[in-house]
Amino acid sequence: MLYISLLMLFSQTSLSVEECYKKGEYSKALEGYKEYLDRGIVNPELYLNIGNCYYRMGNFGESLLYYRKAWFLSPGNKNIINNISLFSKEQSNPNPFISFFSKMVDRISLRIFSYFLIISFSLLIITVSIRLIQTVKLINFPTNPLLFLSGLVFVFSLIGFSIWYARAKSKWIVTTETTIAYSGPDEQFKELMRVDEAEEGSLIRKDGGWWLIHFHSGAGGWIDSTTAYLVIPK
Amino acid sequence: MVILILLSLTFIASVDRTTIPIGESFSVSVKIEGENLSDAGNPTAPNIPGIDILGSSRSHSTQINFINGKLTKITSITHDFQMIARKEGTFTIPPFSLNYNGKKYSTDPIKISVQKGASRTTATSSNSYGDAETATREFRNVFLESEILKSSVYPGEPVIVSHYLYAKTSLSDVQLTGPPSYENVWVENIQSPTKLEVTPTIKNGISYQRALIKQDILFPLGEKNVQINPFSIQVVVRRDMFSFFGERKTISSEPKTIRVKPFPHNHPAEFIDAVGNFSLEAQIDTSDVKTDSPFSLKIIIKGEGNLNLLSAPKFPETRKLTAYDPESKLETRNIGNSIKGERTFTYLITPKVSGIIQIPEIKWAFFDIKNKTFIKKKIGPWKLQVKPGSDREGGSEEKKYNTGKDISYISPLNEKTVSLIPKFFPLYFLPSFIFLILSVYYVMDTRKTLEDRRYANMKAIPRELKNGFKKLEKEIENNNPAQFCEDLTRLLLKFLKLKFHLNPFGMTKKDIVSELRRKKVPEKILPLLQELLERSETVRFTSLSLEKKEMTKDLKTAKEVINALY
């Protein structure tokens, strides 16, 4: 009974949030979605919807921040990819093999790669163990195909996992305000460039309230930490 | 040349030219001028080594003025000393001195250069009166000079150019044939007198009458050198004060170049072209800002410098704001030799979205000529509340953001929580590792068993004992003494075989005991072992029987013996 009541309450909340969005009351919709976050619910759809609210309100930095959070959880989601592509300045890789491989890796999340890695590793170990036992005991089991298959899946999973893990570990940031990048952690240092809202980069170092960022555009500099957020907070 | 003015007495010396060929005469004029000047006497000529004084003449003039009801009488006495240079070199004509009313006056020394075959720089006379004739500065009695205060400047740095007419003789009917022209500059006129005002002056030690023709401020455009083109006047020149008719001449100035040097290399990114000394102000109208209506931001640059040439500060356009090219308004005034004022740039800005929007700070820099450094200025940022316009939030303007595509619609929500990586991720690998370790152990153990007979025997003892004891217990339960004794004998002998690597099945009990003794088995065990083996043999091969109680006792003894020997 309690479960049904809770379910009804949640579905009602969801509906009203969705209706707010439909009516164009994006700040109300955002509040509604943020309540889900406060309840500890984390999933790509929630992040996507929060990103949409921010986008409609004109806060493009925040919207990209939440799209990226959603993308990290579900990189193959077409809606997320579409929304991120509105901000994207990336160019396609000229090498078709690398392009294909990177596209494939980009469509599978770190979580899926983790599962693949666990399964393929376990299979690989079991197969290797059987092969070992076969040296002292006669066991009629075709280990070669299994070894090849599990090895292949393991290598692919390991590469994919490493790429995604490196992304997560790189402390991916998104700027939420237009700001200035300086050559040092203070406004007294030389101004290097203007950094637009919704720029992406990696956090290299922290110094007080300043972050040294390596932007994906190739440039780098110190920015005020209040103007950017980590996609995956540590 | 310095003019001494003491108690209304002027005592000056000048030469007709400063570069003189060897052996050619030149003139040094010493002028005594003063109010109500009575006979001032003659100046004392100095002794000049290398230069001979050929002779001197004296002229006298009086000018009477009636100013503000007061009559003044200015007397001017000029002594012309004709001199000749005998050798080459640079000479200094020492001061002439004069005693007047008990005071001693002296002129400043004059430097002259005596050269071999130097060209004449004195005036050349015209051939005929009344004919127009083109002359250059070589006509030294009358010439035009464009005077510049600086010979090299930075782009945009103001430089004053004054165009003067110099004359030794009296002039009339001065006509400017064409105004002075320039190249690669922006020109602001300071003064262009409609009536020439003549003032006495000394140039290169020579006394002239000078009149300003035009004065401009030039602002170099870019890094190209500034060209001051020659300009001309037509003038009627009278040879002396007694000549009635004059000579019409066309006098041209010489072209001049002002070198424009590049800015220092370390100029900041926000520097465009401002040169001078400025301050930055901003005015923003944020009272009722809506997404579909523009608001204005005024950037006011105040100060002194090339205000008329200033480019608008770069507006940091963001994804939320669109700024149109600014309108510009200039208010300047000439103060002395500089241009001061303010330049206002008005930006019309349209917010693309509603909500709180930040206008980023505007950065601008100018080049400070005095300190030869770039000064950076910034203003802002500003935060403003933008209300939705007639279009609702997320209107068509937003949809055109970046690619023209719109964002995907919201997704249906679910309650599940998705983590980046599975919880306790490393633990999932543990079973595989355990399996691997066990497999390796199994393989190693099997290999050792196969290779090491002793190890295999030792490994077999527990299993054999367990099975043997189980069997004996069963025989006790079944009350089968014969079978019990047979199994007990077999178990003990097998144990001895596995443990001590004997072959007890073909040995007598005595041999077994002696062999065990040789292997240093505890002595107290041996009688027990021998007794057990003998009794078992007796039961097996005679009609003697054992009760359950005795069998249990034998089993217990057997266990004690095995434990002691194990």
Side-chain angles (χ1 to χ4, degrees), chain A residues 10 14 17-18 21 24 26 29 33 36 40-46 48-49 51-52 55-60 63 72-74 78-80 82-83 85-87 109-111 114-115 118 121-122 124-126 128-130 132-133 135-137 168 177-180 191 193-194 196-198 232, chain B residues 268-270 291 316 318-320 351-361 363 376 378 381 386 388 392-394 398 401-403 405-422 425 428-429 431-433 435-440 442-447 449-450:
Chain A
F10 288 155
S14 172
V17 171
E18 204 168 302
Y21 188 89
Y26 302 118
Y33 287 128
Y36 279 76
I41 294 165
V42 171
N43 59 54
E45 291 77 20
L46 179 60
L48 177 71
N49 294 350
N52 281 358
Y55 188 93
R56 293 294 186 213
M57 289 162 72
N59 297 326
F60 299 120
S63 78
F72 261 98
L73 295 179
S74 179
K78 283 183 182 172
N79 291 336
I80 297 167
N82 172 61
N83 291 3
S85 72
L86 300 180
F87 300 87
S109 71
L110 180 59
R111 194 178 67 262
S114 304
Y115 288 132
I118 292 164
F121 181 77
S122 303
L124 196 67
I125 292 294
I126 289 166
V128 167
S129 304
I130 292 169
L132 207 62
I133 293 166
T135 60
V136 293
K137 201 167 186 177
E177 279 179 36
T178 299
T179 185
I180 301 292
E191 290 174 13
M193 59 178 173
R194 192 171 69 98
D196 281 332
E197 178 188 8
I232 303 165
Chain B
E270 55 266 42
T291 49
T318 69
R319 287 163 172 162
K320 295 178 186 178
K352 291 178 189 173
V353 293
S354 60
I356 294 172
I357 288 184
Q358 179 174 289
I359 303 173
E361 60 186 5
K363 298 190 166 186
K376 289 195 268 185
K378 60 184 174 184
V386 180
R392 66 166 215 179
E393 276 187 290
E398 275 181 51
Y401 170 73
N402 199 1
T403 57
K405 289 192 287 181
D406 193 14
I407 53 171
S408 303
Y409 196 67
I410 50 169
S411 300
L413 268 185
N414 56 60
E415 298 284 322
K416 68 176 179 185
T417 286
V418 178
S419 59
L420 195 62
I421 52 173
F425 174 65
Y428 288 98
F429 294 95
S432 314
F433 276 113
F435 188 78
L436 182 67
I437 289 163
L438 290 175
S439 304
V440 169
Y442 174 76
V443 169
M444 284 170 73
D445 186 63
T446 311
R447 279 191 178 156
T449 309
L450 290 171

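Computed over heavy atoms, backbone and side chain alike; hydrogens, waters and symmetry mates excluded. Here is the naming used below: chain letters follow the sequence lines, and residue numbers restart at 1 for every chain.
- There is no contact between A/S109 and chain B, counting heavy-atom distances below 4.5 Å.
- Contacts between A/L48 and chain B at a heavy-atom distance below 4.5 Å involve the side chain alone, from C-beta outward.
- When all heavy atoms are compared, the tightest approach of A/F60 to A/E197 is N-OE2, 3.1 Å.
- The candidate with the highest count of non-hydrogen atom pairs below 4.5 Å against chain B, out of A/M193, A/K78, A/R111, is A/R111.
- Aromatic ring centres of A/F121 and B/F433 lie closer together than 6.0 Å.
- Annotation: maximal heavy-atom pairing with chain A below 4.5 Å, among B/V443, B/I421, B/V440, B/T446, occurs at B/V443.
- Heavy-atom pairs under 4.5 Å with chain B peak, among A/I80, A/N79, A/I118, at A/I118.
- For A/L124, no part lies near chain B; criterion is any non-hydrogen pair under 4.5 Å.
- Ring planes of B/F425 and B/F429: perpendicular class, angle over 60° (limits at 30 and 60°).
- For the residue pair A/F87 and A/A198, the shortest heavy atom distance occurs at CD2-CB, 3.8 Å.
- The nearest pair of heavy atoms linking B/P422 to B/Y428 is CB-CE1, 4.2 Å.
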